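These numbers were taken from a predicted model, which means no experiment stands behind them.
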Amino acid sequence: MVKYGNSDHPSVVHPPHYLHELPQEDEERLENLFKSLDVDGNGKIDIHDLSVALREFGVNQSYAKKFIEHSDQNKSGDISIGEFIHYVKEHEKNLRLQFSHLDKNKDGMIDVEELIKAFKELGVEVDKKEATKLLQRMDQDGSLAISFDEWRDFLLYAPSTDIIEILKYWRHSTYLDIGEDLNVPDDFTPSEIASGQWWRHLLAGGIAGAVSRTCTAPLDRLKVYLQVHGTKQLGVKDCLKHLLQEGGIWSLWRGNGMNVVKIAPESAIKFMAYEQAKKIIRGNNTRELSIYERFVAGSLAGGISQTAIYPLEVMKTRLALRKTGEFSSIIDAAKKMYRKGGWQTFYRGYVPNLLGIIPYAGIDLAVYETIKNSYLRQHSEGEAPSVLLLLACGTVSSTCGQVCSYPLALVRTRLQAQVVTNVGQPQEMYGMMGVIRNIIQRDGPLGLYRGITPNFLKVAPAVSISYVVYERSRQTLGVNMT
């Protein structure tokens, strides 16, 4: 008979049938583990206790609810020590079977070669570098071989015993919408694509992006206005004052409708293009792409999607810059733009926009991988990244990508805003190099970063809003992604 309690709560007596087969060492280990999860010390583990404890252990928070669901036998909403020990022992049996299957030479350890071979049997190609990184996530003693104890401790809270699930830890963190469309798309596993999780994830991200962009639209319009009309004398304060005087408070949302509308086709085309690019790069293999291959695939997908929706991008800029009464609707704007400049109007600034994809995607990936690898080097004990860390990684990497590609984005906006029938200016002013020369001559090199202040100001609220809305949308749509 085992008792567990403290001075504030009466001891709870647990039936012996939960424990009669447990060795003394296992009994003590599981009791200590239960106490560490029972945060309030009342002899029960509820969702709050588990969430707090798992956060401290660095375990993915999505596992808390699943762990409760799997182990709560009487559906009371919490777990007793008896239920906890019963579930953990059954779970460990399954983990033991999976471990034995991977341990090909039966030496009680799993090394890199065994891991590669096991994945190959499952139809997944994994190279030595990736397998080594995977082992390092579980390898607590630095031996580059994992024992069952290390395997068990790493996967104890996971609702599945499938090792492939571990690969998802660093996926699906790019749903943050900071108003830019040049980031590399998410990677999805075949099972997520087959189950329809991918489109729910994209839909949840689209909803989050729409709300986030709408909330930060005033800062976005201010940025666009500064990019086109800003000078050394006309700064943020003066531009904001002018916009309010010209159109009132609601004028700050001009162009937001088009900015929201283009989310759906942009995301869908980019996803399909990215998946096709990955298939071409991989050929007949099913291995994970390297960072360089992801960069190539992401750049190709970005180029294809931007080419397809670029007319919407131009219209968004022209609508954001319009004066009161200039256009009566989106259709009216499209008609007037076509009459003035023909179809070429809808692709003004296309070249700098396409060139901007390369530094943005490359730096975004490079910074993200650098932060990720730094985390893995410092946390080699199987700790999953926290939500805040994933938010920080995505924000920092995207912001760095924006900074480096910003001059091209500014030139793109200037070209989009030009009215091609204005023949009074030199023709060179309508080309990319002509715009760059004019900006540097008038404002110096810093002129290429005109409007970046409101762009930075919108990052924090955009990330926060998109994350909160994404989580709510994800739960409503039943998206379960780690």
Side-chain angles (χ1 to χ4, degrees), residues 171-190 192-193 196-206 208-210 213 258-318 334 343-366 368 394 397-398 401-402 404-406 408-409 411-413 415-416 432:
R171 286 178 175 163
H172 311 304
S173 59
T174 59
Y175 54 77
L176 305 178
D177 191 301
I178 57 177
E180 301 296 329
D181 300 315
L182 305 181
N183 56 298
V184 175
D186 288 328
D187 287 291
F188 296 92
T189 63
E192 288 166 351
I193 293 175
Q197 289 285 334
W198 67 272
W199 70 260
R200 294 188 186 93
H201 170 74
L202 292 181
L203 179 58
R213 293 184 186 196
M258 183 56 71
N259 200 27
V260 170
V261 166
K262 68 187 181 73
I263 292 176
E266 165 80 8
S267 300
I269 295 170
K270 185 186 291 185
F271 167 73
M272 290 186 289
Y274 186 59
E275 289 300 314
Q276 289 302 314
K278 287 197 299 182
K279 287 180 181 178
I280 293 172
I281 292 171
R282 276 195 300 236
N284 296 324
N285 293 325
T286 56
R287 61 179 175 81
E288 292 291 310
L289 295 184
S290 68
I291 180 174
Y292 306 106
E293 291 170 330
R294 283 193 65 208
F295 165 65
V296 172
S299 297
L300 286 172
I304 292 170
S305 62
Q306 283 290 301
T307 300
I309 62 95
Y310 194 74
L312 302 180
E313 186 71 41
V314 175
M315 288 190 64
K316 174 245 176 183
T317 298
R318 297 290 281 272
W343 66 267
Q344 297 97 325
T345 299
F346 296 98
Y347 279 91
R348 294 195 64 77
Y350 174 74
V351 173
N353 183 70
L354 207 59
L355 293 175
I357 293 173
I358 298 174
Y360 187 101
I363 292 166
D364 183 13
L365 269 179
Y368 189 84
S397 61
S398 296
Q402 278 192 67
C404 296
S405 63
Y406 191 85
L408 288 168
V411 172
R412 174 201 67 192
T413 304
L415 289 168
Q416 290 173 341
M432 181 177 71

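Here the side chain of Ser267 pairs no donor or acceptor atom with the backbone of Ala264 at under 3.5 angstrom.
Atoms OG1 and OH, from Thr413 and Tyr406 in turn, are 7.5 Å apart once rounded to the nearest 0.5 Å. Going from atom CD of Gln306 over to atom CG of Leu354 covers 8.0 Å, rounded to the nearest 0.5 Å. Rounding to the nearest 0.5 angstrom, the gap separating the OG atom in Ser405 from the CD1 atom in Ile357 is 10.0 Å. Here the CD atom belonging to Glu266 is positioned 11.5 Å from the CG atom belonging to Leu202, to the nearest 0.5 angstrom.
Nearest heavy atom pair, residue Leu300 against residue Ala277, reads CD1-CB, 4.4 Å. Counting all heavy atoms, side chain and backbone alike, Pro265 lies closest to Ile309 at CB-CG2, 3.9 Å. Contact between Ile281 and Val296 at its shortest, heavy atoms only, is CD1-CG1, 4.2 Å. Closest heavy-atom contact between Lys270 and Ala301: O-CB, 3.6 Å. Contact record, Arg348 with Val314: O-CG2, 4.0 Å, taken as the closest heavy-atom pair.
Residues Gln416 and Tyr310 meet the side-chain proximity criterion, which asks for heavy atoms closer than 4.5 Å. At a threshold of 4.5 Å between non-hydrogen side-chain atoms, the residues Arg213 and Ile263 count as touching. Using a 4.5 Å heavy-atom threshold, the side chains of Ile304 and Tyr274 count as separate. In this structure the side chain of Gln276 reaches within 4.5 angstrom of the side chain of Lys279, judged on heavy atoms.
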(request) For Glu313 and Asn353, run side chain to side chain donor-acceptor pair (under 3.5 Å): C-alpha distance rounded to whole Å, both residues' side-chain angles, the deciding distance at 0.1 Å, then the answer. (result) CA-CA 10 Å; Glu313 186 71 41; Asn353 183 70; over 6 Å; no
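In this model, a donor atom of one side chain and an acceptor atom of the other lie less than 3.5 Å apart for Thr307 and Tyr350.
Listed by chain and residue number, nothing satisfies the ring-ring contact (aromatic ring centres under 6.0 Å, His included) test with Phe346 (two or more places apart in sequence, or in another chain). For Leu203, the side chain to side chain contact (heavy atoms under 4.5 Å, CB included) partners at least two apart in sequence or on another chain are Trp199, Ile207, Leu477.
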